[in-house]
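Quick caveat: nothing in here was measured; it's all calculated off a predicted structure. Residue numbering restarts at 1 for every chain, and letters A, B, ... go by the order of the sequence lines.
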Number of protein chains: 4
Amino acid sequence: MARRPLTNPRKQASQERSRATVDALIEATARILVRDGFDKASTNRIAEQAGVSIGSLYQYYPSKEALVAAVIDRHNRGLMQVVQGALAEVAGLPIEKAVRKMVAIAIDAHRLDPKLHRVLAEQLPRTGRLAKLETFNREIYALFKAYLESRRDELRTVDLELAAFVCVTSIEALTHTAVLHRPDILSGETVATLVDEATRLVVRYLR
Amino acid sequence: MARRPLTNPRKQASQERSRATVDALIEATARILVRDGFDKASTNRIAEQAGVSIGSLYQYYPSKEALVAAVIDRHNRGLMQVVQGALAEVAGLPIEKAVRKMVAIAIDAHRLDPKLHRVLAEQLPRTGRLAKLETFNREIYALFKAYLESRRDELRTVDLELAAFVCVTSIEALTHTAVLHRPDILSGETVATLVDEATRLVVRYLR
Amino acid sequence: MARRPLTNPRKQASQERSRATVDALIEATARILVRDGFDKASTNRIAEQAGVSIGSLYQYYPSKEALVAAVIDRHNRGLMQVVQGALAEVAGLPIEKAVRKMVAIAIDAHRLDPKLHRVLAEQLPRTGRLAKLETFNREIYALFKAYLESRRDELRTVDLELAAFVCVTSIEALTHTAVLHRPDILSGETVATLVDEATRLVVRYLR
Amino acid sequence: MARRPLTNPRKQASQERSRATVDALIEATARILVRDGFDKASTNRIAEQAGVSIGSLYQYYPSKEALVAAVIDRHNRGLMQVVQGALAEVAGLPIEKAVRKMVAIAIDAHRLDPKLHRVLAEQLPRTGRLAKLETFNREIYALFKAYLESRRDELRTVDLELAAFVCVTSIEALTHTAVLHRPDILSGETVATLVDEATRLVVRYLR
DNA sequence: TATGAATGAGACTTCATTCAT
DNA sequence: TATGAATGAAGTCTCATTCAT
């Protein structure tokens, strides 16, 4: 009964040597995801790429899913750093400037290891333990909603929960799609154009 | 290795019996995708569910991918019917009404066999021949852009290509996310609210 | 839920070709059990010995256990044939002769493929689905008890169920141990001695 | 391949700490055998349960088999204590009383840690160094034969070696089977019945 | 054309054991 | 002497696909 969730790491790497092994495994997983795709990312191949025996791999991660989950976590931590840092600057700004900044952040975030981002977005079966991707977005909703609350008097009357949903979903979709599927839209100065447009979309919606 | 990736049906099912076989195969694939997920959808299982021998399956479809692609096509054809029909009604309408209608259509479209929609959206590796999902959206962009052109004098000055991208992407993201991940937003009369909000978002952006 | 018991064959071999495959698998399993022991009887090795691909093996048996169970069944069917046939002759005999005959049968039975018998008796983990070995003995108890009932008036007053347990268990233990572990006791004419002794043991107990 | 099969402890645990480690290892092995069965008893798990590093385990026992053999030895030593002590009392008794006592002893012996006894009897592959289980019985034979010799004048003429085989094998089989597989036979006062029957079986055989 | 038996590469995983620290 | 990280052979099993009948 109560089988432990197969996505959590198996043991903490205490000694320095094992720390290196764990790092190598995650790094190898990410590299293979990017280079060969999710389907080709077998545990054997990951172990080989990490220069580690398959036995060691299973000493630290109980499954391929756990490894991928670790890569996702690492990626999300990276994103969060970008986003949170930038969002702090936004706190005091008026809506127009704030939204503009946020759109820029979103684009930056999507450009942080975009190949990995694409694989995670497009090849991961949102199944089993890998469904936990939503966690990340929930946090963004919360942060954005908090900002809206601090500026409520500049907004029209609206359910802030719903407004946050509309804004975050739209900005994320626009930047995601643009970065991953419409490189034409982002080439050179058209970046500015996209930022303008997305900002206009959101700002006029909120006011 | 390096087996040729075949995605197209092998032969047109000209005779009636063949037609029935093909239908049974696609139907079985869809049913299994929904019931058991992409991972569990083995060709042997599909053949069994279709009441057809595995040999026959390969007589009509050269690979599992081809089968899934056929399901996608069928689903997209269904979507297109809903969308195109409804979009025709939109042609003559002023922007506000047109957009409102389009949002409603998008929601309806996502509600057409939503379980299958979800599987296609979340479990399919967007890899190999299965990457062709974009095709569908391209057509929608084109239709929407055509509408915008017909109403250009009611719009602010803007690159219509870009505007279409912004509008279609946003509407699709909002309706998709709401239908698949935020059932709370769509329960009962809040549907109307979502339609209002999405309409406002797009209309004010365009003007 | 209700996962099918992993010891039953997977599908009936309908065509002649598959019948041959199934036979080869069981034969190979028995041979390897005898030659290399239970631990070395891996599915790969069995398939190889059977001249069949590992895939085919799993088409008919879902596990190593299922294969071993099939061997046990076949062995037990063989034993039953020996035992039942001989037991029929015993029906009308008086106790002394009947018991003597039964002891002889028991020895014969243990000598039917004794190497396989030994492996089944000594190397099988009586665990999981392989615990079903008892079935066989139950039938023997019943047959013996039926005989005792038919001769009740020649016996002292005794719970026949219990008496059957005592007699069958003793005869089985003596013949089993002698055949498998004490070849000295069975060499040449000492067989007769063992039969004498076992007969005396049981007959005097019953009267 | 061809690794040397080592079954003897590696060194005498002379110092106190070592002694504690060895004890912990054997205790852990026994506990895991009982709780999880032979298959699940991996050396890593045993080491963990013993609160000892896997390296230390191999410092004291060169293989998993050696560990299990140690458990068997400990169990057998326990049995021997029960049996020998009781058998001493038997020395001077007449046959009827002596046999009755021995049967009772046999039942007691099987009830000494019956769960472990069952695992040892049913899950251990009687293979490699683990085949040495017979040792124990040999000693019992010898003790019993010695008793018979001391009472030869009360017995019919018979090969005492053979008679010992018949008696010991029967008693052991009856008590073993009753304790492990026929709890019904041993519930409450039926114990007495079984003792009566087994005694009758052996006594009448010997006279 | 249909059938379904057969294939086998390759995925996942465990575990007894070694050895550097 | 103790530790525990690392090893890798070997085992179980699946599944897309082929091909003889």
- Contact class for A:Thr43 (heavy atom, under 4.0 Å): base, sugar-phosphate, or nothing? base
- What is the nucleic acid contact for D:Ser56, judged by heavy atoms within less than 4.0 Å: base, sugar-phosphate only, or nothing? base
- Task: For E:dG10, give its Watson-Crick or G-U wobble partner with both distances under 3.5 Å, or none.
- Result: F:dC13
- Pair partner, E:dA20 [Watson-Crick or wobble, under 3.5 Å]: F:dT3
Measure the distance from [atom1] on [X] to [atom2] on [N] and round it to the nearest whole Å.
X       : N      : atom1 : atom2 : answer
A:Glu48 : F:dT7  : CD    : P     : 13 Å
B:Tyr61 : E:dT1  : OH    : C1'   : 17 Å
B:Ile46 : F:dT17 : CD1   : C1'   : 13 Å
B:Leu57 : F:dC19 : CG    : C1'   : 15 Å
B:Glu65 : F:dT17 : CD    : P     : 8 Å
B:Leu67 : F:dC15 : CG    : P     : 15 Å
D:Lys40 : F:dG11 : NZ    : C1'   : 16 Å
A:Arg45 : E:dA9  : CZ    : P     : 16 Å

In terms of side-chain heavy atoms of [X], which of [options] is nearest?
X       : options               : result
C:Tyr58 : F:dC15, E:dA2, F:dT14 : F:dT14
B:Ile54 : E:dC12, F:dT18, F:dA6 : F:dT18
B:Lys64 : F:dT17, E:dA6, E:dT17 : F:dT17
A:Ser18 : E:dA2, E:dA6, F:dA5   : F:dA5

- Task: Go through the side-chain N and O atoms of A:Gln123 and A:Arg118 and say whether any donor and acceptor fall under 3.5 Å apart.
- Result: no
- Message: Can a side-chain donor-acceptor contact be found between B:Tyr60 and B:Ser18 if the only test is distance below 3.5 angstrom?
- Response: yes
- Of C:Gly51 and A:Asp39, whose nearest nucleotide on DNA chain E comes first from the 5' end? C:Gly51
- Which residue lies more 5' along DNA chain E, comparing C:Asn44 with C:Ser53 via nearest heavy atoms: C:Ser53
- Is the number of heavy atoms from other residues, nucleotides or ligands within 6.0 Å of CD (B:Gln49) greater than 12? yes
- Message: D:Arg45 vs D:Asp36, test: salt bridge (Lys or Arg N to Asp or Glu O under 4.0 Å). Steps then yes/no.
- Response: CA-CA 11 Å; D:Arg45 203 201 277 230; D:Asp36 309 307; 3.2 Å; yes
- Item | N or O in side chain of B:Tyr60 less than 4.0 angstrom from E:dA2 OP1/OP2 | yes
- Item | N/O (side chain, B:Gln59) to phosphate O (OP1/OP2, E:dA2) under 4.0 Å | yes
- Charged N-O contact under 4.0 Å between D:Arg77 and D:Asp73: no
